[in-house]
Enquirer: 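Before we start, here is the structure in question, set down as structure tokens.
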Amino acid sequence: MPEEVYATVMQRSQGRCEAGLDCCTGSPEEWHHRQRRQRNNDLVVNGAALCHACHHYITHVDPSVGRERGLIVHSHHPDPGQVPMMIRDEWFYLLADGGLEPAGEVQL
């Protein structure tokens, strides 16, 4: 994981878990790959800053919640940046520079 990519995602989170699920503890403790880890996909648009509880929930308890919120992107999708992600109940497209673009109402 390039340090600048990690730092950009964590900075984008503004010190808060980006998922904000019911189990959320608030702090962005972990870097989550939206699309399964594979060669050359340590990208800002493929990352989410999550608390341990939210990360565990979407990874091990109910991945469908992660898919419904754009926190999990299918491994065959060519660009996770084209899949919006719900950040604390609002939809955004993630930008390579760490910015966010509002996505409005989304159906995945």
Side-chain angles (χ1 to χ4, degrees):
M1 167 74 57
E3 187 175 317
E4 65 189 40
V5 171
Y6 179 90
T8 299
V9 170
M10 291 307 198
Q11 183 177 12
R12 180 186 69 212
S13 77
Q14 299 179 343
R16 296 170 50 202
C17 174
E18 292 183 307
L21 303 176
D22 289 341
C23 61
C24 190
T25 61
S27 296
E29 305 152 334
E30 300 178 6
W31 203 97
H32 165 69
H33 283 85
R34 297 172 65 209
Q35 198 173 56
R36 185 182 318 195
R37 274 188 242 174
Q38 49 194 335
R39 181 179 224 143
N40 298 321
N41 80 343
D42 290 333
L43 306 169
V44 173
V45 298
N46 192 37
L50 304 180
C51 72
H52 176 76
C54 287
H55 197 195
H56 177 78
Y57 190 84
I58 67 165
T59 305
H60 301 289
V61 178
D62 193 352
S64 68
V65 170
R67 287 189 295 275
E68 290 166 3
R69 292 173 170 251
L71 294 161
I72 296 176
V73 177
H74 194 280
S75 61
H76 295 299
H77 196 287
D79 181 5
Q82 294 177 351
V83 178
M85 184 173 91
M86 184 180 278
I87 298 177
R88 296 180 293 275
D89 299 322
E90 292 186 53
W91 287 101
F92 294 95
Y93 287 101
L94 309 181
L95 305 178
D97 66 0
L100 299 171
E101 181 179 313
E105 293 296 317
V106 172
Q107 291 282 58
L108 293 178

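As the structure is a computational prediction, the values presented were derived from the model and not from experiment. Heads up: numbering here begins at 1 and tracks the sequence.
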Enquirer: In terms of ring plane angle, is the pair Trp31 and His33 parallel, tilted or perpendicular, where the classes change at 30° and 60°?
Expert: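 If you compare the ring of Trp31 with that of His33, the planes turn out perpendicular.
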
Enquirer: In terms of hydrophobic clustering (I, L, V, M, F, W, Y; side-chain heavy atoms under 4.5 Å; direct or indirect links), are Ile72 and Val65 co-clustered?
Expert: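 Result: yes, single cluster for both.
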
Enquirer: From His56 NE2 over to Asp62 CG, what is the distance, rounded to the nearest 0.5 angstrom?
Expert: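 The NE2 atom of His56 sits 11.5 Å away from the CG atom of Asp62.
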
Enquirer: Within the 4.5 Å heavy-atom criterion, are Thr25 and His52 side-chain neighbours or not?
Expert: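 They are not in contact (no side-chain heavy atoms under 4.5 Å apart), so the answer is no.
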
Enquirer: Other residues, nucleotides and ligands only: do more than 12 of their heavy atoms fall within 6.0 Å of CZ on Arg36?
Expert: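 Atom CZ in Arg36 is not packed in, count stays at 12 or less.
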
Enquirer: If every non-hydrogen atom of Leu100 is compared with every non-hydrogen atom of Leu94, which pair is closest and at what distance?
Expert: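 In this case the closest contact between Leu100 and Leu94 is CD2-CD2, 3.5 Å.
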
Enquirer: Nearest heavy-atom pair of Cys54 and Gly20: which atoms, and what distance?
Expert: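 Scanning both residues completely, I find the closest heavy atoms to be SG-N, 4.0 Å.
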
Enquirer: Can you find a heavy atom in the side chain of Arg12 that is under 4.5 Å from one in the side chain of Glu18?
Expert: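 SC-SC contact between Arg12 and Glu18 confirmed.
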
Enquirer: With the 4.5 Å side-chain cut-off for hydrophobic clustering, are Leu21 and Phe92 part of the same group?
Expert: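 Yes, Leu21 connects to Phe92 through the hydrophobic network.
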
Enquirer: I'd like to know if Leu95 and Ile87 are part of one continuous hydrophobic network [Ile/Leu/Val/Met/Phe/Trp/Tyr, side-chain heavy atoms within less than 4.5 Å].
Expert: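 No, no single cluster joins them.
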
Enquirer: So, do Leu50 and Cys17 sit near enough that their side-chain heavy atoms are less than 4.5 Å apart?
Expert: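 Sidechains of Cys17 and Leu50: in contact.
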
Enquirer: Do other residues, nucleotides or ligands put more than 12 heavy atoms under 6.0 Å from Asp22 CG?
Expert: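 Result for CG/Asp22: open.
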
Enquirer: Atom CG in Asn41, atom CG in Asp79: separation rounded to 0.5 Å?
Expert: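 Answer for the CG-CG pair, Asn41 versus Asp79, is 11.0 Å.
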
Enquirer: Once rounded to the nearest 0.5 Å, what's the spacing between atom CD1 of Ile58 and atom CZ of Arg69?
Expert: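 Reported to 0.5 Å precision, the distance equals 10.0 Å.
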
Enquirer: For a quick test of reading the model, state the closest non-hydrogen atom pair linking Leu71 to His32 and the distance between them.
Expert: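 It is O-NE2, 2.7 Å.
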
Enquirer: Are the side chain of Gln35 and the backbone N or O of His74 linked by a donor-acceptor pair below 3.5 Å?
Expert: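 Such a contact is found between Gln35 side chain and His74 backbone.
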
Enquirer: Report yes or no: do Val44 and Tyr6 belong to one cluster of Ile/Leu/Val/Met/Phe/Trp/Tyr joined by side chain heavy-atom distances under 4.5 Å?
Expert: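 In one cluster with Val44: Tyr6, yes.
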
Enquirer: Once rounded to the nearest 0.5 Å, what's the spacing between atom CD of Glu29 and atom CE of Met10?
Expert: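 Answer rounded to 0.5 Å: 9.0 Å.
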
Enquirer: Write down the atom of Pro28, the atom of Ser13, and the distance for their closest heavy-atom approach.
Expert: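 That closest heavy-atom pairing would be CG-OG, 3.6 Å.
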
Enquirer: If you measure from CD on Glu4 to OG1 on Thr8, what distance do you get to the nearest 0.5 Å?
Expert: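 If we round to the nearest 0.5 Å, Glu4:CD and Thr8:OG1 are 6.5 Å apart.
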
Enquirer: Return the CD to CD distance between Glu105 and Glu90, rounded to the nearest 0.5 Å.
Expert: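 Between Glu105 CD and Glu90 CD, I get 10.0 Å after rounding to 0.5 Å.
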
Enquirer: Can you name the nearest heavy-atom pair linking Asp42 to Pro2, along with the distance?
Expert: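 So the two residues come closest at CB-CD, 3.7 Å.
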
Enquirer: What heavy-atom pair brings Ala53 and Cys23 nearest, and what distance separates the two atoms?
Expert: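 Shortest heavy-atom contact: CB-O, 3.4 Å.
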
Enquirer: So, Arg34 side chain and Val45 main chain: donor-acceptor pair closer than 3.5 Å or not?
Expert: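 Side chain of Arg34 to backbone of Val45: a pair is present.
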
